[in-house]
Amino acid sequence: MNTFASRLIAWQNKHGRHDLPWQGQDAYRVWLSEIMLQQTQVATVIPYYQRFVAAFPSVAALAAASEDDVLAHWSGLGYYARGRNLHKAARIIVEKFNGSFPHKFEDIVELPGIGRSTAAAVCALAYHERRAILDGNVKRVLARYCGIAGWSGDKKVEEKLWQQAEALLPPQDVATYTQALMDMGATVCTRSKPKCVLCPVQGDCVALQSDRVAELPSPRPRKAVPERSAVFLLLMHGNDILLEKRPGSGIWGGLWCPPQFEDEDAARDWFVRNGMEASEGERLDTFTHTFTHFKLHITPLRVELARKPLLAAQPGAVWLDVGEALGAAIPTPVRKVLSVLSPLPPGDNQRLG
DNA sequence: AAATCGGGGAA
DNA sequence: TTCCCAGATTT
């Protein structure tokens, strides 16, 4: 029988990717790759994945590491809550499952950062269990193949997609089939300019037959992006800079950043309140960091101190050499600012107009 | 400049 | 239960 699944499996054996570093690896590695791949494409993930497994070769090693160390290896990937959840889950696995990754779907899906699709992916890829996944690639493939219109964030639409994902599962070879769905979505059934001529299911793809490939899947309804401004206060002493650990939730949760303020006045208030001489500093060029939901215009304000104040005594504040800071758990815009800093002699500040 | 991705947590 | 949010990268 020439089903959807059998054609995908045949395609996978001929044209799929077989050399990804997490393929055929244990559940820990499959899990790690799935979490990284949720937010980032394969080519970008590979070097992060390699460094991560080298540093944390097992669930036990990951659980034994500090959250800071884990986030440092996540730095630049974004979605840092996922790095923290990964670490939390590793500690739970050590506590509750003796350090070996659980085998039951119901146990896996309970872990922080793992939902229905990721749990199913681990079960299918690592344990060869018959489970349906529904990640971004699969949503796109199924929306087109089955002609399902509407945004996949809509509950009803997502329900239909899950139903199809379950219905199309083959009786066996689920690991190969699952990899086929993902590889097909990534290389053939791409968001723009899909290569339908290379598709193993072009013959009965509803979107292709009805000439709706470009319209499916329906995009998310979008809204205007608000803009905000912020000042990064770069307190420097020689080549050392003061960084604060951000609260665990919200933007850049748990990462190290310079003190951040709504505007220069607020930065100055804080500066004076902490017993430092105000009014001197260097205003660096404003740049814009774009998030999904807003734009942040960042103005770094650099102040060179003659001596370090006692701020490091505050919990969550630390003086770091700029080089060390670049190796720490910092978000991208902070990395950008730090990488262009060069040391100035203490007290050598320009007067701000 | 716009689209994206699965899960957590707030509403 | 439903809605909103996170962030770097690609198109």
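Just so we're on the same page: letters track the sequence lines, and every chain starts at 1.
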Cationic N near anionic O, under 4.0 Å, A/Arg220 to A/Asp154: no
Nearest-Å distance for atom pair CG/C1', residues A/Leu111 and B/dG6: 15 Å
Nucleotide of C/dT10, B/dG7, C/dG7 approaching A/Tyr79 most closely (side-chain heavy atoms): C/dG7
For atom CZ of A/Arg191 and atom P of B/dC5, their distance in whole Å: 7 Å
Closest listed nucleotide, where the reference is the side chain of A/Ser192 and the choices are C/dT11, C/dA8, B/dG8: C/dT11
Over 12 non-hydrogen atoms of neighbours within 6.0 angstrom of NZ in A/Lys160: no
Whole angstrom value for the distance that separates C1' of C/dT1 from CD of A/Glu158: 13 Å
Presence of A/Tyr80 side-chain N/O under 4.0 Å of C/dA8 phosphate oxygens OP1/OP2: yes
Distance below 4.0 Å between A/Thr44 side-chain N/O and C/dA8 OP1 or OP2: no
Over all atoms of both residues, closest heavy-atom pair of A/Leu142 and A/Leu134: CD1-CD1, 4.3 Å
Nucleotide nearest A/Lys295 when distance is taken to its side chain, options B/dA1, B/dG6, C/dG7: B/dA1
Ion pair A/Arg131/A/Glu129, N-O distance below 4.0 Å: yes
Side-chain N or O of A/Arg220 closer than 4.0 Å to phosphate OP1/OP2 of B/dC5: no
Sugar-phosphate only, base, or nothing, as touched by A/Glu34 at under 4.0 Å among non-hydrogen atoms: nothing
Rounded interatomic separation in angstrom, taking CG from A/Leu142 and P from B/dC5: 13 Å
Nearest-nucleotide comparison on DNA chain C, the residue closer to the 5′ end among A/Tyr48 and A/Arg82: A/Arg82
Phosphate OP1/OP2 of C/dA8 contacted by A/Thr332 side-chain N/O (<4.0 Å): yes
Spacing between A/Gln38 atom CD and C/dA8 atom P, to the nearest angstrom: 16 Å
Touch class at under 4.0 angstrom, heavy-atom based, for A/Gly153 against every strand present: nothing
Atom-pair distance (CH2 on A/Trp151; C1' on B/dA3), nearest Å: 12 Å
Donor-acceptor pair under 3.5 Å, A/Arg116 side chain vs B/dG6 base: no
A/Arg84 CZ - C/dA6 P separation (whole Å): 12 Å
Integer-rounded Å distance: B/dC5 C1' and A/Asp154 CG: 17 Å
Side-chain N or O of A/Lys155 closer than 4.0 Å to phosphate OP1/OP2 of C/dT2: yes
Sugar-phosphate, base or nothing in reach of A/Leu37, heavy atoms under 4.0 Å: nothing
Separation between OH of A/Tyr48 and OG of A/Ser75, rounded to the nearest 0.5 Å: 6.5 Å
